[in-house]
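Input: a single structure, listed below in structure tokens.
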Amino acid sequence: MVMLPQVEHELHKRRRSRNIGLLVVLLAFVALVFGLSVVKITQGDMMQGYDHRPRASMLPKDPAPPAQNAAPVAAPGTPAAQQGVAGASQGIGQ
């Protein structure tokens, strides 16, 4: 049995070159993500991501923090705010 050399069609050549190009692009992307991850991890400082919630460690320091035992204040428009601070503690639970 004689085997003839198989001639590759032009369509297959173009498809192979596109696949090789896509492979190069994907490998470059993977290398970029890996490199950025390595740099971020090896910096060593306390990095925090943004997860849509405020964090006390990321907020600036308050130059005049409130007193530790400040009296509670009723919200405007509530019955406790209309009665005053003294009436607020008596009107709860009735």
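Bear in mind that the values here come from a model prediction, so they are computed numbers and not experimental data. Residue numbers start at 1 and run along the sequence shown. Heavy-atom basis, side chains included; hydrogens, waters and symmetry copies ignored.
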Worksheet item: What distance separates I41 CD1 from L36 CG, expressed to the nearest 0.5 Å?
Response: 11.0 Å
Fill in: For the student: nearest non-hydrogen atoms of A81 and A74, plus distance
N-CB, 3.6 Å
Practice prompt. Could you tell me which residues satisfy side chain to side chain contact (heavy atoms under 4.5 Å, CB included) with V25, sequence neighbours excluded, listed by chain and number?
Written response: none
Discussion item. Among residues at least two apart in sequence or on other chains, which ones pass side chain to side chain contact (heavy atoms under 4.5 Å, CB included) with V30?
Written reply: none
Worksheet entry | Listed partners of L11 passing side chain to side chain contact (heavy atoms under 4.5 Å, CB included), at least two apart | H9, R14, R15
